Amino acid sequence: MEIIEIKNIDFKGVGKNSVEKRNNLRMQIVLLFAKEQPGTGNKEKASRYEYIFEDIYYNNDKYNIYIDRPANLHNRI
């Protein structure tokens, strides 16, 4: 698994309204995903990435806000 820390990237966007800022954030994340190198198969041979966006400290413990790739599929019935 490749771990990519992107905590220092400005994800606040450049737009004046919140919709424009959210769209900018989504596009930056999609562009990061587009740079991933493919694996050579599935299961153990699949490429895996972890993007760490932020560290959170709570009661002297450190937690990360992150996205795992590939994402888990949750089917709803």
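Any value given below was found using the heavy atoms of this structure, including those in side chains, with hydrogens, waters and symmetry copies removed. Just so it is clear, the structure is predicted and the values come from calculations on it, not from any experiment.
Glu50 pairs by the side chain to side chain donor-acceptor pair (under 3.5 Å) definition with nothing, not counting sequence neighbours.
Val30 and Leu32 fall into different hydrophobic clusters, where Ile, Leu, Val, Met, Phe, Trp and Tyr residues are linked whenever their side-chain heavy atoms come under 4.5 Å apart, directly or through other members.
The main-chain N or O of Glu54 is never found under 3.5 Å from a side-chain atom of Tyr66 such that the two would form a donor-acceptor pair.
One distance of note links CZ of Arg69 with CD1 of Ile29; it measures 10.5 Å at 0.5 Å rounding. Once rounded to the nearest 0.5 Å, the distance linking CD1 of Ile56 with CG of Asn64 reads 9.0 Å.
Taking the side chain as every heavy atom from C-beta outward, Tyr63 and Asp55 never approach each other to under 4.5 Å. With contacts defined as side-chain heavy-atom distances shorter than 4.5 Å, the pair Tyr49/Asp68 does not qualify.
The nearest pair of heavy atoms linking Pro70 to Ser47 is CD-O, 3.4 Å.
If you check the side chains of Tyr51 and Glu36, you find a donor sitting under 3.5 Å from an acceptor.
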